[in-house]
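For reference, the structure discussed in these notes is given below.
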Amino acid sequence: MKADHFEQQKLLALADEDVALTQLAHRRRTLPEVAAVEAAAEAERAFAEAEVRAETEVRDLDREQKRLEADVDAVRQRAARDQARIDSGGATAKEITSLQSELQSLSRRQSDLEDQVLELMERRETADAALVAAQTGRSSALADRERAEQLRDDALADVTDSTSRHEAARAEVAGGVSAPLLALYDRIRTQTGTTGAAMLKARQCQGCRIELNGRELAAVRNADPHEVVRCENCNRILVRTAESGL
């Protein structure tokens, strides 16, 4: 293929834009701001789960404490009735002995229940502290996530803006390249995943960074200036300039 030597020079500007667009696409995929949002969201989820667990434990402890306090109240009422029966003077000696024995049992039962209530109250304090910690952590994680999302959105907006500018610049450069040469460039660019042309500088292809050997160098040196030459190593179009070292 032949193409005007100066037209081939435009491929270097096209390659520069493609490199910039490739870098921007990579940046979009690997933005640390995106990872920061995910980390903050994960922390928020963890604190939310801890909050639910703490709330559940608090409710369970409250329910158990109410049950125990109801049991204590029932024991007290029973003991009051027994004592009233004794104090009434209407009970027989046998009944009084039985009532006194029951009062002792009720006293032990009340003491045990009250100990359980105190234990539950201590557990409730711990659960309350865990709930407050989870709520505080979740609030902080939420704020972190919102800040991270703003930074991510700003970074994405910057990438989008830069991509638009480079796409426009590429389109402008591509408009000055003939259809056959542009088609060849684009086909090679698809194959390499980066660019379709590279400068030959100091006898080295700037695409694959391999220096041309004697035979390759002689072929390029002897080629017509308008001949489209290719790198035998990476297949890119070799653009010759005053820096090619020919």
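Note that these values count all heavy atoms, side chains included, but never hydrogens, waters or copies made by symmetry.
Rounding to the nearest 0.5 Å gives a distance of 4.5 Å between CG of N233 and SG of C208. Rounding to the nearest 0.5 Å places CG of L238 at 9.5 Å from CZ of R230. Taking CD of E211 as the reference point, atom CD of E216 lies at 10.0 Å (rounded to 0.5 Å). Rounding to the nearest 0.5 angstrom, the gap separating the CG atom in L99 from the CD atom in E95 is 7.0 Å. Atom-to-atom distance recorded for D16:CG and M199:CE is 8.0 Å, nearest 0.5 angstrom. Distance CG/L200 to CZ/R221: 10.0 Å, rounded to 0.5 Å.
There is a side-chain donor-acceptor pair under 3.5 Å between E7 and S178. Between the side chains of Q77 and D73, at least one donor N or O lies within less than 3.5 Å of an accepting N or O. The closest side-chain donor-acceptor pair between Q104 and E102, if any, does not fall under 3.5 angstrom. Looking only at atom types and distance, the side chain of D87 has a donor-acceptor partner in the side chain of Q83 under 3.5 Å away. At a cut-off of 3.5 Å, with distance as the only test, a side-chain donor of S162 or R165 sits close to an acceptor on the other residue. Counted by atom type alone, T194 and R236 present one or more donor-acceptor pairs between their side chains at under 3.5 Å.
Placement of V220 and V228 in two distinct hydrophobic clusters is found when ILVMFWY residues are connected by side-chain heavy-atom separations under 4.5 Å, directly or transitively. Taking hydrophobic clusters as Ile, Leu, Val, Met, Phe, Trp and Tyr residues chained together by side-chain heavy-atom distances below 4.5 Å, L181 does not share a cluster with V229. Under a hydrophobic-cluster definition in which Ile, Leu, Val, Met, Phe, Trp and Tyr are linked whenever side-chain heavy atoms come within less than 4.5 Å, directly or via other members, L156 and L151 are assigned to different clusters. In the hydrophobic clustering of this structure, L24 does not group with V34; members are Ile, Leu, Val, Met, Phe, Trp, Tyr whose side-chain heavy atoms approach within less than 4.5 Å, directly or through other members. Clustering ILVMFWY residues whenever any of their side-chain heavy atoms sit less than 4.5 angstrom apart, transitively, puts V72 in the very cluster that holds V75.
Taking every heavy atom of both residues into account, A130 and A54 meet most closely at C-CB, 4.1 Å. Contact between G193 and T22 at its shortest, heavy atoms only, is O-OG1, 4.3 Å. Nearest approach of A197 to A15, heavy atoms of both residues: O-CB, 3.7 Å. The shortest non-hydrogen separation linking V239 to S244 is O-OG, 4.2 Å.
Residues M1 and P180 meet the side-chain proximity criterion, which asks for heavy atoms closer than 4.5 Å. The shortest side-chain heavy-atom distance between T195 and V19 falls under the 4.5 Å cut-off. Side-chain contact check for R109 versus D71: some heavy-atom pair is nearer than 4.5 Å. Under the 4.5 Å side-chain criterion, counting only non-hydrogen atoms from C-beta, L217 is not in contact with N213. Within the 4.5 Å cutoff, the side chain of Y185 has heavy atoms near those of the D18 side chain. A 4.5 Å side-chain heavy-atom check between D158 and R27 finds at least one atom pair inside the cut-off. In this structure, L212 and Q204 have side chains that are not in contact, with every pair of non-hydrogen atoms separated by 4.5 Å or more.
Using a 4.0 Å cut-off between a side-chain N of Lys or Arg and a carboxylate O of Asp or Glu, D186 and R189 qualify as a salt bridge. In this structure, R147 does not pair ionically with E33, as no charged nitrogen and carboxylate oxygen lie closer than 4.0 Å. Taking 4.0 Å as the cut-off between side-chain N and carboxylate O, R145 and E149 count as a salt-bridged pair. Remark: E64 engages R67 in a salt bridge, criterion side-chain N to carboxylate O under 4.0 Å. Remark: D60 engages R63 in a salt bridge, criterion side-chain N to carboxylate O under 4.0 Å. Salt-bridge check for E227 with K2: passed, with a basic side-chain N closer than 4.0 Å to an acidic carboxylate O. Checked for salt-bridge contact, E57 and R124 miss the test: no charged N lies under 4.0 Å from a carboxylate O.
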Anything under 3.5 Å between a donor and an acceptor, one on a side chain of residues 131-142, the other on a protein residue two or more places apart or in another chain? List them.
from: T136; atom 1: OG1; to: V132; atom 2: O; distance (Å): 2.8
from: R138; atom 1: NH1; to: E51; atom 2: OE1; distance (Å): 3.1

Criterion side chain to side chain contact (heavy atoms under 4.5 Å, CB included) on I237 and I188, from CA distance to verdict
CA-CA 8 Å; I237 297 170; I188 299 171; 3.8 Å; yes
Please evaluate residues R108 and S105 with respect to the criterion side-chain hydrogen bond (donor to acceptor under 3.5 Å, both in side chains), reporting the C-alpha separation (whole Å), side-chain torsions for both, the decisive distance (0.1 Å), and the verdict.
CA-CA 5 Å; R108 288 192 297 271; S105 296; 3.3 Å; yes
Are E232 and R215 close enough, and set up right, to give a salt bridge (charged side-chain N to carboxylate O under 4.0 Å, His left out), and what steps lead you there?
CA-CA 11 Å; E232 293 188 10; R215 179 184 59 80; 2.9 Å; yes
Should Q8 and R240 be marked as a side chain to side chain contact (heavy atoms under 4.5 Å, CB included) after you check the CA-CA gap, both sets of side-chain angles, and the distance that decides it?
CA-CA 8 Å; Q8 292 185 46; R240 289 159 285 174; 4.3 Å; yes
So D62 and K66, salt bridge (charged side-chain N to carboxylate O under 4.0 Å, His left out) or not? Walk me through it.
CA-CA 6 Å; D62 282 345; K66 288 178 181 178; over 6 Å; no
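With S111 contributing its side chain and S107 its backbone, the two residues share no donor-acceptor pair below 3.5 Å. Side-chain atoms of K10 come within 3.5 Å of backbone N or O of G176 as a donor-acceptor pair. A donor-acceptor pair under 3.5 Å is absent between the side-chain atoms of D161 and the main chain of A157, judged by distance alone. No side-chain donor-acceptor contact under 3.5 Å links E69 to the backbone of V117.
Other residues, nucleotides and ligands contribute over 12 non-hydrogen atoms within 6.0 Å of the CD atom of E146. Counting non-hydrogen atoms of neighbouring residues, nucleotides and ligands closer than 6.0 angstrom, the CE atom of M121 reaches no more than 12 such neighbours. Environment of CZ in R123: sparse, with no more than 12 heavy atoms of neighbouring residues, nucleotides or ligands closer than 6.0 Å.
Taking the side chain to side chain donor-acceptor pair (under 3.5 Å) definition, one finds that E38 meets it with nothing, sequence neighbours left out.
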